[in-house]
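Below: one structure, written as structure tokens.
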Amino acid sequence: MLSRRNFISAAATMAAALPLRTGPAFGAETSATRPLKDIAKEAGLLYGAAIDSRVLRQDPALAALVAREAGIVVAESETKRGTVQPSPSRYNFAPTDELLRVAGRNSQDMRGHTLIWHESVPPWLSQSLSEAPKESLITDYIKVVAGRYRGRFHSWDVVNEPVAPDDGAADGMRISSPWQKAFGENYIDLAFHSAREADPDAPLFLNELNLEPDVRWGEKRRKAFLNLLDRLIKRNVPINGIGIEAHIKPFRFAYTQDVFSSFLNELSSRGLKILITEFDVADIEGPADPAERDKLVAEAATSFLDVAFANQATLGCLTWGLSDKYSWLSRYKDYQWPDRQLSRGLPFDYKMDAKPLAAAIAQAYQKRTQPKG
Ligand code: XIL
């Protein structure tokens, strides 16, 4: 068991005793020499990353890194409704189509992210949902989008982030979401049934954030999420897997391997697959020295991924980007450094060089490749 306090003090002791290593070392084979996708594959798992069509076009070095390292990709933003349906009569599939072409060229799978999310609701839709909510605002959209890409995505995140106990509802549902407001939680049922109809063979995922912190509100989230799952399963909603976002915050919230492991067991015992969908390490509030911070970031990743990969229902991990140069952690106000230095939460630095985090990810896969005993 590695509590946050133990984690930090153990790391501090080690940091004091050992010379700091800044390269992708730690003694194991790393992605500096071998692609993470290959190391993952040997473990029977996936490794992939979120990408963006504009960034790939503008930065050949990043495009080459994505081609080399990722076995599966997902659009960071461009398959969300804000991009895909900017007005009721206008669909914009160009960026998703382009990413599918790139993925095809690289022999990569691609995920669909995401059909229904409270944070990507274009203004026209927000107005319709509050003034005249119709179920067709869910079902028609999913028919068109999931239907267009039928058979082409590895899996869909059908609904994103449905739970938010902080909103104050007794059942912990995100009552501030325009979807929940308009339809109650039936929006989730509608979305999954529509997706199943439009893309019959695609594994359908429910994606959620902040499921790992070992803090009181984290416990509430996990409970609310499991209760929601039980209701969905009871109503025969066609759900195949759970996306664990895993934007982990080791310097902000406690984390305990046992707690996270029990939660994953709760998911797998319900017959659901598990995928780590958006892994990165928010390094905000970590040590000022980048080398020291990289080391603690890598250790936090180990402590998280070891548990994730120990569960046999886990399919693998995607990081939310690949290089720190483009990480959303540097753009999002909650995780930004006050001096605007780049966050160091992804496996490769701004020069596309592997960091200790890449080595930690590689090692986590390798532990699964060679089971103990
Ligand atoms: C984020 C992207 O990284 C940003 O570029 C975009 O502006 C907003 O969305 N949870 C999710 C992701 O499910 O879709 C979010 O991605 C990050 C949090």
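We count residues from 1, following the sequence as given. In listed order, ligands and their atoms are each counted from 1.
Between the Thr319 side chain and the Leu346 main chain, no donor and acceptor come within less than 3.5 Å of each other.
Any N or O atom pair closer than 3.5 Å counts here, and Glu245 shares at least one such pair with ligand 1. Between Asn160 and ligand 1, a contact under 3.5 Å exists for at least one N or O pair.
Between Arg270 and Asp230 there is a salt bridge, since a side-chain N of the basic residue sits under 4.0 Å from a carboxylate O of the acidic one.
Annotation for ligand 1: atoms under 4.0 Å from non-hydrogen atoms of Glu161 are 10 (N), 11 (C), 13 (O), 18 (C). The Trp117 neighbourhood of ligand 1 comprises atoms 9 (O), 14 (O), 15 (C), with distances under 4.0 Å to a heavy atom of that residue. With ligand atoms numbered from 1 in the order given, ligand 1 contributes 10 (N), 11 (C), 12 (C), 13 (O), 17 (C), 18 (C) to contacts under 4.0 Å with heavy atoms of Glu278.
Among protein heavy atoms, the minimum distance from atom 7 (O) of ligand 1 is reached at Ser77 OG, 4.3 Å. Of the protein's heavy atoms, Glu76 OE2, 3.4 Å lies nearest to atom 2 (C) of ligand 1. Among all protein heavy atoms, the one lying closest to atom 8 (C) of ligand 1 is Lys80 NZ, 3.9 Å. Nearest protein neighbour of atom 5 (O) of ligand 1, counting heavy atoms only, is Arg331 NH2, 2.8 Å.
The proximity of Trp320 to ligand 1, defined as any non-hydrogen pair under 4.0 Å, is limited to the side chain. Residue contacts with ligand 1, taken as heavy atom pairs separated by less than 4.0 Å, do not involve Glu119 at all.
Side-chain contact of Thr256 with Asp214: a donor-acceptor pair under 3.5 Å is present, judged by distance alone. Glu278 and Asn207 share a donor-acceptor pair across their side chains, judged by distance under 3.5 Å alone.
The side chain to side chain donor-acceptor pair (under 3.5 Å) test with Asp283 is passed by exactly one of Lys249, Arg293, Arg344: Arg293. Tested against Asp324 for a salt bridge (Lys or Arg N to Asp or Glu O under 4.0 Å), the candidates Arg331, Lys351, Lys355 yield a single pass: Lys355. Just one of Glu245, Glu208, Lys80 meets the side-chain contact (heavy atoms from CB on, under 4.5 Å) condition when paired with Asn160; it is Glu245.
More than 12 non-hydrogen atoms from other residues, nucleotides or ligands lie less than 6.0 angstrom from CZ of Arg235.
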